[in-house]
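Right, one structure below, let's go through it.
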Amino acid sequence: MPISILLRFSIRTDIWIRYVRCPIYIIHGTKDWLIPFSSSVRLQGLVPLAARLVPIYGGGHNNLPSFQEYHQKLEEILKGRFDLVFDKYES
């Protein structure tokens, strides 16, 4: 089935990402068959000081939770131990 039939709404993250005023973490599998990893590389490049791209090597579109690295990175982000400082967003 064509993707255009499945996706009813256009989500223009590339337009709206510049309005986000908090740290952005983009977690993406490098073997995603639906959304190319290069899309996340370009998206991160639009706001390089505010966004961090977290590649999950070998991860696909719907299987990231099966990768230990995914859980490790989520824990680091949620506990504030991720290695990115967001000076722009500090109060």
Side-chain angles (χ1 to χ4, degrees):
M1 184 172 276
I3 297 299
S4 60
I5 293 173
L6 296 173
L7 298 176
R8 294 182 179 192
F9 305 102
S10 174
I11 303 171
R12 294 297 310 267
T13 309
D14 60 321
I15 293 172
W16 297 104
I17 195 168
R18 43 189 117 243
Y19 298 104
V20 175
R21 297 293 173 239
C22 64
I24 302 166
Y25 297 94
I26 305 168
I27 302 174
H28 200 136
T30 59
K31 301 233 178 194
D32 191 328
W33 56 269
L34 184 60
I35 300 171
F37 182 75
S38 60
S39 294
S40 287
V41 172
R42 285 193 305 274
L43 191 61
Q44 190 271 336
L46 294 174
V47 286
L49 298 177
R52 174 65 186 257
L53 176 58
V54 180
I56 304 299
Y57 296 98
H61 189 73
N62 290 319
N63 69 344
L64 295 184
S66 66
F67 288 80
Q68 182 60 35
E69 183 182 11
Y70 170 79
H71 296 282
Q72 176 188 349
K73 294 301 180 186
L74 278 180
E75 182 177 346
E76 289 174 12
I77 292 166
L78 293 172
K79 291 186 175 181
R81 296 189 312 234
F82 205 77
D83 64 349
L84 183 61
V85 177
F86 289 99
D87 295 330
K88 179 178 177 182
Y89 299 107
E90 290 181 1
S91 309

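One-based numbering along the sequence shown.
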>> For H28, run the side chain to side chain contact (heavy atoms under 4.5 Å, CB included) check against V54, I35, I56 and tell me which one passes.
In response: I35
Closest heavy-atom pair and its distance - [X], [Y]:
X   : Y   : value
Y57 : F67 : O-CE2, 3.6 Å
D14 : L46 : O-CD1, 3.6 Å
P55 : T30 : CB-CG2, 4.0 Å
L64 : G59 : CD2-CA, 3.8 Å
Y70 : P65 : CD2-CA, 3.6 Å

>> I want to check something: taking the side chain as every heavy atom from C-beta on, are E75 and Q72 in contact at a cut-off of under 4.5 Å?
In response: no
>> Are I27 and L74 packed together at the side-chain level, in the sense that at least one heavy-atom pair is separated by less than 4.5 angstrom?
In response: yes
Within this structure, what is the [atom1]-[atom2] distance for the pair [X] and [Y], rounded to the nearest 0.5 Å?
X   : Y   : atom1 : atom2 : result
I17 : I24 : CD1   : CD1   : 4.0 Å
L53 : F37 : CG    : CZ    : 4.0 Å
S39 : Q44 : OG    : CD    : 13.5 Å
D32 : S40 : CG    : OG    : 8.0 Å

>> I'd like to check the salt bridge (charged side-chain N to carboxylate O under 4.0 Å, His left out) partners of E69; sequence neighbours left out, ordered by chain and number.
In response: none
> Listed by chain and number, what are the side-chain hydrogen bond (donor to acceptor under 3.5 Å, both in side chains) partners of R18, not counting sequence neighbours?
Replying inline: none
